[in-house]
Amino acid sequence: MAEHESLEFGKADFVLLDTVSTPEFMANLKLRFEKGRIYTYIGEVVVSVNPYRSMNIYGRDTIEQYKDRELYERPPHLFAIADAAYKAMKRRNKDNCIVISGESGAGKTEASKYIMQYIAAITNPGQRAEVERVKNMLLKSNCVLEAFGNAKTNRNDNSSRFGKYMDINFDFKGDPIGGHISNYLLEKSRVIVQQSGERSFHSFYQLVLGGPEQLLRSLHIQKDPAAYNYIKVGRQVKSSINDAADFKAVADAMKVIGFAPEEIQTVYKILATILHLGNMKFASDGDVTLIENGKLVSVLGELLSTKQENVEKALLYRTVSTGRDVIDKQHTEQEASYGRDALAKAIYERLFCWIVGRINDIIEVKNYDAKVHGKNTVIGVLDIYGFEIFQNNSFEQFCINYCNEKLQQLFIQLVLRQEQEEYQREGIPWKHIDYFNNQIIVDLVEQQHKGIFAILDEACMNVGKVTDEMFLQALNSKLAKHAHYSSRKLCPTDKSLEFDRDFRIRHYAGNVVYSVVSFIDKNKDTLFQDFKRLLYNSSNPVLKAMWPEGKLSITEVTKRPLTAATLFRNSMISLVENLSSKEPYYVRCIKPNDLKSPLLFEDERCRHQVEYLGLLENVRVRRAGFAYRQTYERFLQRYKMISQFTWPNHDLPTDREAVMRLVQGCGFEQDVAYGKTKVFIRTPRTLFTLEEQRAQMVQRIVIFLQKVWRGTIARLQYRRMRAALTIIRFYRRYKVKSYIREVARRFHNVLSMKDKGKHVKWPTPPKVLRKFEEALQGIYNRWRASHLIRTLPPEDLPQVRAKVAALETLKGHRADLGLQRAWEGNYLKRDKPEAVSSFTLVSSELQRKDKFMSVLFSCHVRKINRFNKAEDRAILITDRHLYKMDPLKQYKPMKSIPLYNVTGVSVSPGKDQLVVFHTKDSRDLIACLQGVVPPSESRVGELVGVLASHFKSEKRKLQVSTVSPIQCSMHGKKCTIVVETKINQSQPDFTKSRSGYILSVPGN
Ligand SMILES: Nc1ncnc2c1ncn2[C@@H]1O[C@H](COP(=O)(O)OP(=O)(O)O)[C@@H](O)[C@H]1O
Ligand SMILES: [Mg+2]
């Protein structure tokens, strides 16, 4: 039971129909066909509708889906049946068979191929070469068998014209180790004649259209089917068949299977022989019968490796034994033609049987020892012609339809028996139900003495001339009362039957009118002994081996060969015996229309097939008992979530009790029976309810599982995150530690280094330690500085302080600070040696008067006076005052500004020597320092450094700004001072501008 398909595709199992009626059955079948669901179950039977289009459902992935699954776990498919058969065989070590039935073109052969492919795909996981070889042979043999046994008919371009039963043998591990093919009733009449629109067997067209030039020449064959009477009817038939390509494929397959080159040659020679025979014409000249085209005789002699005159004799004469004498009796023209056709048919049939035999030789199980290898088991696949009703139905249709009656009988017996046996095994009471039993029709055909075959054989055995009409009369007299037999004689008003020609059988599958014409002939199936001897005496050993009975001399032949009907009946009986000893699986094929259309579902046509395949009865039988059965274990597995007693696990002593508890909980006791190992559910409704409840619970379970799983994922993620963080932490710690260790290593010896480690390169710190590095470098620098300072003489310290102060205030604002040179401070002394004495005088006078301790700075300057004129002056800065002096008047002090009045200084960022002293009373002093030796010596840095250092020592802050232009106040008025570089300027000079002053400095 397939439960995994949405209801939009209809019911996947007919057993689940609400009511079993033809309309409902057909509606479901049609719906599924239209939705592309070509397979549907009836319990374990697969109903298949030919899709007439290629379906993407046979690939590797589909195979994987069905492998090792139970039947109900996946949507219906051939693979599921194949897998079930295979598993049952492996589990129970029992032979089984898959019976594929349905009418011509319903898809039986395709189905058998897919089943074989599936079995080949899922076996031999160990890739044993021998098993691979066997599988390859089994698959390849199809190609050869189809070439010789299939033909295009009006119903099917690749119709099997023989019945095929193939056994596949498996070893104890379940790997295929060989096989055996049985063939049934090849439709050999097709060799000499076909209905319009049909062809002879593919092999002929393949040879004529696909054989290489050289081969055809050696066979005296033209590349034109129209040249050969036996096959020319079918020459224009259009189809998708590519004979030339198929010729190659078949030749290759024969080679791969292991046909020897001489054998393949002989196969072609036989095909050519048949084609030539068809063109052989006879004429009569008085009493003498002649061959018209004598040249053909020599061709035949060559192809059959025998003497030309022997061929001619066999075609024209018959050797008869009259007890003591043996005489040659000449054929009439008609007899000769009959003999020729019989020969053609017989050698083709013999060829076909020989091919099957050769394939069997090759694929049969070899070196198998049951003691060593365990029991070898078998899966049989039966692909046999389906029920046929033609315009004109002859002996072959009669046999084929009989075969289908037999198989239907088997189906009824087995399906019923199996069902009954299961109930017995499980200890469930079972009431017999009625179904149409076709045993009566089987008996009508095969019963000894009374059956149609017996009557036919009897007619054939009559001495003297027996005609088909006489056979019909015998039928009429012996079967007059039979409910399934009628003829015009018995039913004169029935115009559909012709007098003296037709009889009608009411088959289970429908009424069929048979024409008795040639029944006798076909049953006798006479082939003159002379031909057998001719072929046996061939010097071609392959050919000779096909005709062993030709060995007997004419006088030895006493026994009549068995008739075709008897042979067929016997083979059917043994086939059925064989099948019923196995566990059967059924594939019931339905042909949706006669046009090979993938879209058309002809209701009436399909209804008829459903009817005669007995599918509805099949459903009824299945449902009369229990629609559904399952082992307790599996049942629980599927439905345990419905009950609190069974979810997630039950604690009852057995699964059986758990199932009972579950069923009680649902209130289904009335509809359920408990077997020994299985639970049985009578109506599909109960099953649906279970399924519905399950579906509801499954949703919750899914959500529950999702919840748990999501939680698990989150926890996993969290744990991973934590781990990552720990790793990061350790890694960081490691980086920090190794940085510090590295710093320690590099700076370990700095104390003893000459430069106290100035040259040591700092390692790159990790990001977190950038700030730390700065601080550390600061500490280091201070440490190094303290060491440096310690080495300096004390008198240098003021200068160092001044330089530090200059750096602190001007670094980055002004380029040239003059740090490289010694800062002398009192430049007036140096710049003008001739004036030193007068300056010293003034200076000591001032020291006495103003009581200063030291001179901080002195220098010549150019400044602006109150008339906005530039004039040369000198400045002297002591620790208390800033003096302005006139160098021209022996440095007479002109003005003094107490340093506590000075608030700050401004300098420009350029190279000029402009300095503005800002005072509290807004009487700023604007000056440009002017050195003499060397003239370009920059003293601004020194002035600012000395002043700043002094201010600092007095705990005052000197405001230093480095800007351009400089803002200042002159006599309480705001003004700006701009510095301009001029090329023609020889020395700095001030001029007045609108907003203040311009200091022009020489440029270069
Ligand atoms: N499963 C299938 N998928 C596609 N086409 C199919 C299938 N079964 C049958 N056919 C088509 O129907 C044709 C007849 O099928 P075949 O098996 O030869 O019929 P049968 O053996 O019953 O006479 C095939 O040649 C193919 O074109
Ligand atoms: Mg077929």
Side-chain angles (χ1 to χ4, degrees), residues 32-33 36-40 46-59 62-63 66 75-82 98-118 141-166 181-187 190 198-199 201-202 237-243 246 352 381-390 396-397 400-401 403-404 407 509 586-602 605-606 609 612-613:
R32 287 183 65 76
F33 174 73
R37 296 295 193 273
I38 60 169
Y39 299 119
T40 313
V46 178
V47 179
S48 152
V49 185
N50 188 342
Y52 280 122
R53 67 190 159 98
S54 83
M55 309 275 292
N56 189 18
I57 52 169
Y58 304 107
T62 314
I63 290 178
Y66 281 86
H77 201 294
L78 283 176
F79 291 168
I81 260 320
I98 301 173
V99 179
I100 307 169
S101 52
E103 63 186 70
S104 179
K108 299 179 297 291
T109 304
E110 295 295 317
S112 77
K113 286 192 267 189
Y114 288 129
I115 288 171
M116 296 271 297
Q117 266 167 30
Y118 181 81
S141 65
N142 258 333
C143 165
V144 179
L145 287 179
E146 287 193 5
F148 290 90
N150 289 22
K152 182 192 154 41
T153 67
N154 287 322
R155 311 178 146 222
N156 182 353
D157 284 356
N158 185 33
S159 180
S160 325
R161 307 316 300 164
F162 66 107
K164 184 173 99 180
Y165 173 77
M166 181 179 231
I181 296 166
S182 310
N183 57 310
Y184 299 97
L185 192 71
L186 181 75
E187 186 201 40
R190 185 169 293 272
E198 301 201 346
R199 302 206 313 178
F201 296 95
H202 296 323
V237 171
K238 283 270 167 292
S239 72
S240 54
I241 303 167
N242 182 346
D243 292 300
D246 290 347
F352 187 70
V381 179
L382 180 68
D383 166 16
I384 205 155
Y385 17 60
F387 194 76
E388 282 183 351
I389 311 176
F390 291 134
E396 288 86 356
Q397 277 68 49
I400 287 171
N401 292 345
C403 159
N404 279 275
L407 293 175
Y586 279 97
V587 179
R588 310 292 253 168
C589 296
I590 289 177
K591 183 174 172 173
N593 60 69
D594 281 322
L595 306 173
K596 304 182 178 110
S597 154
L599 303 172
L600 203 58
F601 186 90
E602 286 176 10
R605 211 179 182 304
C606 296
Q609 293 171 76
Y612 76 65
L613 288 172

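Treat the numbers as computed from the prediction; the structure is a model and nothing was measured. The first residue of the sequence shown is numbered 1, and numbering continues consecutively from there. Order of listing sets the numbers, starting from 1, for every ligand and every atom in it.
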N/O to N/O below 3.5 Å, does that happen between [X] and ligand 1?
| X | value |
| --- | --- |
| Ala106 | yes |
| Ala111 | no |
| Ser54 | no |

Give me the residue, atom name and distance of the protein heavy atom closest to [atom].
| atom | value |
| --- | --- |
| atom 10 (N) of ligand 1 | Asn50 OD1, 3.1 Å |
| atom 27 (O) of ligand 1 | Tyr52 CD2, 4.7 Å |
| atom 1 (N) of ligand 1 | Tyr58 OH, 2.9 Å |

- Query: Is the closest side-chain donor-acceptor distance between Thr40 and Arg32 under 3.5 Å?
  - Reply: yes

- Hey, mind stepping through Gln609 and Arg588 against side-chain contact (heavy atoms from CB on, under 4.5 Å) and telling me if it holds? CA-CA 10 Å; Gln609 293 171 76; Arg588 310 292 253 168; over 6 Å; no

- Task: Using a cut-off of strictly less than 2.8 Å, determine whether Ser160 has an N/O/S atom near the Mg ion (ligand 2).
- Result: yes

- Query: Can you tell me if an N/O/S atom from Ser159 lies under 2.8 Å from the Mg ion (ligand 2)?
  - Reply: no

- Item | CA sep, side-chain torsions, deciding dist, call: Leu613, Ile590, side-chain contact (heavy atoms from CB on, under 4.5 Å) | CA-CA 9 Å; Leu613 288 172; Ile590 289 177; 4.1 Å; yes

Report yes or no: does a heavy atom of [X] sit under 4.0 Å from some atom of ligand 1?
| X | value |
| --- | --- |
| Lys113 | no |
| Ser159 | no |
| Cys589 | no |
| Pro51 | yes |

- Message: Centroid separation under 6.0 Å, is that true for the rings of Phe352 and Phe162?
- Response: yes

- Full working for side-chain contact (heavy atoms from CB on, under 4.5 Å) between Ile241 and Arg199: CA-CA 11 Å; Ile241 303 167; Arg199 302 206 313 178; 3.7 Å; yes

- What closest approach, in Å, do Gly102 and Lys108 show between heavy atoms, and which atom pair accounts for it? O-NZ, 3.0 Å

Counting heavy atoms only, name the option from [options] that's nearest to [atom].
| atom | options | answer |
| --- | --- | --- |
| atom 20 (P) of ligand 1 | Ser160, Ser112, Ser48, Gly105 | Gly105 |
| atom 4 (C) of ligand 1 | Lys596, Glu110, Arg53, Met55 | Arg53 |
| atom 21 (O) of ligand 1 | Asp157, Asn156, Thr109 | Thr109 |

- Task: Select one of side chain, backbone, both or neither to describe which atoms of Arg155 lie under 4.0 Å from any atom of ligand 1, heavy atoms only.
- Result: neither

Atoms in ligand 1 with a heavy atom of [X] nearer than 4.0 Å:
| X | result |
| --- | --- |
| Ser104 | 23 (O) |
| Glu103 | 22 (O) |
| Tyr114 | 1 (N) |
| Asn158 | 18 (O) |

- Item | Under-4.0 Å salt bridge between Lys113 and Glu146 | yes

- Task: In plain terms, say whether Glu103 and Arg605 are close enough for a salt bridge, that is, a side-chain N and a carboxylate O under 4.0 Å apart.
- Result: yes

- Task: Look at the aromatic rings of Phe33 and Phe601 and report parallel, tilted or perpendicular, splitting at 30° and 60°.
- Result: tilted

- Does the Asp246 side chain pair with the main chain of Ala147, one donor and one acceptor, at a distance under 3.5 Å? no

- Give the C-alpha distance, both sets of side-chain angles, the deciding distance and a yes or no for side-chain contact (heavy atoms from CB on, under 4.5 Å) between Tyr165 and Ile384. CA-CA 7 Å; Tyr165 173 77; Ile384 205 155; over 6 Å; no

- Query: Which of these passes ring pair (Phe, Tyr, Trp, His ring centres under 6.0 Å) with His77: Tyr39, Tyr114, Tyr118?
  - Reply: Tyr39

